[in-house]
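What follows is a short report on a single structure.
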Amino acid sequence: MTVLKGSLGFLLFSLLSCSHAPDPNTLVMIIESSPTNLDPRVGLDAQSERIGELLFDALLTRDEH
C-alpha cells in the first residue's frame, strides 16, 4: 500500500511540475548535441548546419532570373 501511495505521489508530482504553458516566443528544438557555432560560415557539424538552415534559409528567396 505504501508503494502504491509513493508511486501515485510521484506520478502526481511529475504531472503537476510540467503544467505551465511554454512561452510562445521561444523556439525549442531537440538535437543530439549542441552546435559548435551558429555562424553558418564557420559551423561545419550537422547540428550547426541544421540550425543554420532553419534560421537563415527563410531570409533569402530566389527570383526567376
Side-chain angles (χ1 to χ4, degrees):
M1 188 66 163
T2 359
V3 174
L4 182 62
K5 285 183 183 180
S7 298
L8 184 60
F10 178 74
L11 179 64
L12 188 61
F13 175 75
S14 298
L15 291 174
L16 292 176
S17 65
C18 298
S19 63
H20 69 282
D23 183 10
N25 296 320
T26 301
L27 174 67
V28 177
M29 294 179 54
I30 299 174
I31 55 175
E32 298 161 352
S33 62
S34 296
T36 57
N37 201 319
L38 293 178
D39 185 347
R41 299 170 299 161
V42 180
L44 299 175
D45 61 316
Q47 288 76 22
S48 297
E49 289 183 11
R50 178 68 179 138
I51 291 176
E53 288 173 1
L54 292 171
L55 291 175
F56 299 112
D57 281 357
L59 297 177
L60 302 173
T61 57
R62 294 182 185 219
D63 61 0
E64 296 174 4
H65 305 299

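Please read all numbers here as calculations on a predicted model, not as lab measurements. The analysis underlying the following values was restricted to heavy atoms, covering all of them including side chains, and did not include hydrogens, waters or symmetry mates.
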Any residue meeting salt bridge (charged side-chain N to carboxylate O under 4.0 Å, His left out) with D23, in chain and number order, not counting sequence neighbours: none

L59 with L54, same ILVMFWY side-chain cluster at under 4.5 Å: yes

For residues 42-50, tabulate all N or O donor-acceptor pairs below 3.5 Å that involve a side-chain atom, not counting sequence neighbours.
residue	atom	partner	partner atom	Å
D45	OD1	T36	OG1	2.9
D45	OD1	S48	OG	2.4
Q47	NE2	E32	OE1	3.3
S48	OG	T36	N	3.2
S48	OG	T36	OG1	3.4
S48	OG	N37	N	3.3
S48	OG	N37	O	3.0

side-chain hydrogen bond (donor to acceptor under 3.5 Å, both in side chains) against D57, all qualifying residues, sequence neighbours excluded: none

All pairs passing salt bridge (Lys or Arg N to Asp or Glu O under 4.0 Å) where residues 33-44 contributes a residue, at least two apart: D39-R41

Closest non-hydrogen atom pair between L38 and P35, with its separation: CD2-CG, 3.9 Å

